[in-house]
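Heads up, the thing below is written out as structure tokens.
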Amino acid sequence: MPHTDNGRRTDNGRKRLTARRRLRHETPSTVAVLADETDFAAMRRYRSFRFDDHAGYLRQVDGLLRALASQGTHISLTLFDPTAYQEYCADARLDPDTPTSRTRYTADSAATGARLTYDGRPLTRLLPDLVRAAEQQATWEYASALLEPGEDAGRTAFARASKLLRRLIETAGDGSHHLVCSVSTLDDANTPLVAVVEAECAGGPPRLRESAALLFCTVLAAGITRGSPGGVVLRTVRPGEPETVRGWCLDGDGLRPLTAGEVFAAYCTDAATGEPVPPEHGVEYLGGVPLE
């Protein structure tokens with residue numbers, strides 16, 4: 001009998017271990033990353049953050065991601081913002097110098113912040129995509145806030161922006177198109193809002209990411225509503241033809257075509273110094289075309 005009882009206990013233990021492993025495979029994991037050395041240096045003020053150099057820290061994170069993936073865990077990546085973390089701890093009355101507080105911040109920030117699914121690529125290749133996603137979300141939130149004061153005006157501006165994007169793509173015709181909308185925020189830093197749309201056109205409906213188009217229209221609508229300086233640049237690539245660049249500037253609730261000279265000047269002038277820069281080889285700078 002003792003032998004049988006021991007066997008039963010062993011079998012029960014194995015079953016519990018197997019069940020826990022199955023649950024582990026069905027439990028997602030979120031990893032927050034300090035993407036640059038400045039953020040990493042800011043976290044080193046905390047004694048409980050025991051990493052000495054950013055490169056070594058990234059190697060450890062990369063190893064953690066691979067280990068979790070090998071267990072079949074679904075992993076989301078998000079950025080760890082030391083300034084937002086400090087504010088979070090102050091609001092929640094948490095001690096910021098504990099791993100538990102960092103874990104809570106990661107869980108809460110991942111619920112609302114930009115996230116990227118880990119796909120097995122090295123962390124150094126994933127980080128640019130994660131930073132880009134975070135920048136797009138920040139742009140979306142800022143532009144959306146600019147539209148809120150006048151809901152009716154915001155809806156009208158968004159509808160107008162959607163129509164302008166549609167006309168831009170129709171005007172571009174077949175080819176691979178890269179559209180950039182830039183609108184000044186008119187704040188103290190004068191940091192522009194920037195949105196990018198990639199569109200593929202080949203005789204049928206254009207192929208583009210809906211989320212990118214939504215961000216593009218939101219930024220353009222914010223510029224229309226606020227009367228902010230801004231514009232759109234369209235870069236087109238077609239097989240066997242020179243690459244072309246066209247431009248428009250925001251004018252009221254529309255986009256006024258720039259001349260070829262204005263497009264050339266915009267691309268071939270250093271924005272910081274005003275000094276001329278060489279034009280890109282193999283690129284034609286053309287005037288925008290009327291969109292109405």
Side-chain angles (χ1 to χ4, degrees), residues 10-89 92 94-141 196 198 200 207-212 214-215:
T10 301
D11 288 342
N12 289 337
R14 287 172 179 168
K15 288 178 181 178
R16 285 195 294 270
L17 182 60
T18 301
R20 289 195 196 104
R21 285 173 176 167
R22 284 199 297 266
L23 283 174
R24 187 184 306 161
H25 293 163
E26 297 187 21
T27 303
S29 181
T30 301
V31 177
V33 187
L34 294 159
D36 60 49
E37 294 190 10
T38 301
D39 288 345
F40 178 82
M43 290 302 295
R44 291 199 66 200
R45 78 183 74 169
Y46 303 118
R47 295 181 63 183
S48 61
F49 184 76
R50 298 176 180 175
F51 294 93
D52 296 325
D53 67 282
H54 189 232
Y57 160 81
L58 291 179
R59 285 194 297 271
Q60 292 298 322
V61 174
D62 196 49
L64 172 64
L65 294 172
R66 285 187 277 108
L68 289 171
S70 69
Q71 298 170 10
T73 303
H74 176 83
I75 312 160
S76 294
L77 282 170
T78 187
L79 290 179
F80 195 103
D81 183 336
T83 302
Y85 171 65
Q86 190 173 24
E87 295 171 353
Y88 172 86
C89 289
L94 298 173
D95 178 4
D97 199 359
T98 67
T100 301
S101 296
R102 291 194 287 274
T103 301
R104 282 186 58 177
Y105 167 75
T106 296
D108 288 349
S109 65
T112 57
R115 288 176 295 171
L116 194 69
T117 299
Y118 178 65
D119 58 9
R121 284 181 291 164
L123 184 59
T124 52
R125 292 178 55 194
L126 283 169
L127 279 181
D129 290 344
L130 181 57
V131 171
R132 193 176 303 113
E135 290 173 345
Q136 288 177 345
Q137 175 150 333
T139 298
W140 160 260
E141 292 173 353
V196 178
E198 304 279 354
E200 292 287 337
R207 297 190 301 275
L208 68 164
R209 288 178 56 201
E210 184 176 345
S211 58
L214 181 61
L215 179 60

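Heads up: numbering here begins at 1 and tracks the sequence.
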About how many Å separate [atom2] of [Y] and [atom1] of [X], when rounded to the nearest 0.5 Å?
{"X": "Met43", "Y": "Phe80", "atom1": "CE", "atom2": "CZ", "value": "4.0 Å"}
{"X": "Leu65", "Y": "Ile75", "atom1": "CG", "atom2": "CD1", "value": "5.5 Å"}
{"X": "Leu123", "Y": "Gln60", "atom1": "CG", "atom2": "CD", "value": "12.0 Å"}
{"X": "Glu135", "Y": "Leu215", "atom1": "CD", "atom2": "CG", "value": "11.5 Å"}
{"X": "Gln137", "Y": "Thr139", "atom1": "CD", "atom2": "OG1", "value": "10.0 Å"}

For residues [X] and [Y], report the shortest heavy-atom separation together with the two atoms involved.
{"X": "Leu116", "Y": "Leu126", "value": "CD2-O, 3.8 Å"}
{"X": "Ser29", "Y": "Thr73", "value": "CB-CG2, 3.7 Å"}
{"X": "Val33", "Y": "Tyr57", "value": "CA-OH, 3.6 Å"}

Checking [X] side chain against [Y] main chain: does a donor-acceptor pair fall under 3.5 Å?
{"X": "Tyr105", "Y": "Cys89", "value": "no"}
{"X": "Ser76", "Y": "Thr117", "value": "no"}
{"X": "Arg44", "Y": "Phe49", "value": "no"}
{"X": "Ser101", "Y": "Asp95", "value": "yes"}

* Would you find more than 12 non-hydrogen atoms of other residues, nucleotides or ligands less than 6.0 Å from Arg121 atom CZ? ->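 Yes.
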Going by side-chain hydrogen bond (donor to acceptor under 3.5 Å, both in side chains), name the residues that satisfy it together with [X], two or more places apart in sequence or in a different chain.
{"X": "Tyr88", "answer": "Asp108"}
{"X": "Glu198", "answer": "His178"}
{"X": "Ser48", "answer": "Asp97, Arg102"}

* Pairing residues for Arg207 by the side chain to side chain contact (heavy atoms under 4.5 Å, CB included) criterion, not counting sequence neighbours ->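 Residues passing side chain to side chain contact (heavy atoms under 4.5 Å, CB included) with Arg207: Glu200.
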* Structure fact -> Applying ring pair (Phe, Tyr, Trp, His ring centres under 6.0 Å) to Tyr118 and not counting sequence neighbours gives none
Show me the donor-acceptor pairs within less than 3.5 Å that the side chains of residues 34-41 make with the rest of the protein, sequence neighbours left out.
| from | atom 1 | to | atom 2 | distance (Å) |
| --- | --- | --- | --- | --- |
| Asp36 | OD1 | Thr38 | N | 3.1 |
| Asp36 | OD1 | Asp39 | N | 2.8 |

* Asked: Is the shortest distance from a Lys or Arg side-chain nitrogen in Arg59 or Asp62 to a carboxylate oxygen in the other one below 4.0 Å?
  ->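 A salt bridge is absent here (no side-chain N lies under 4.0 Å from a carboxylate O).
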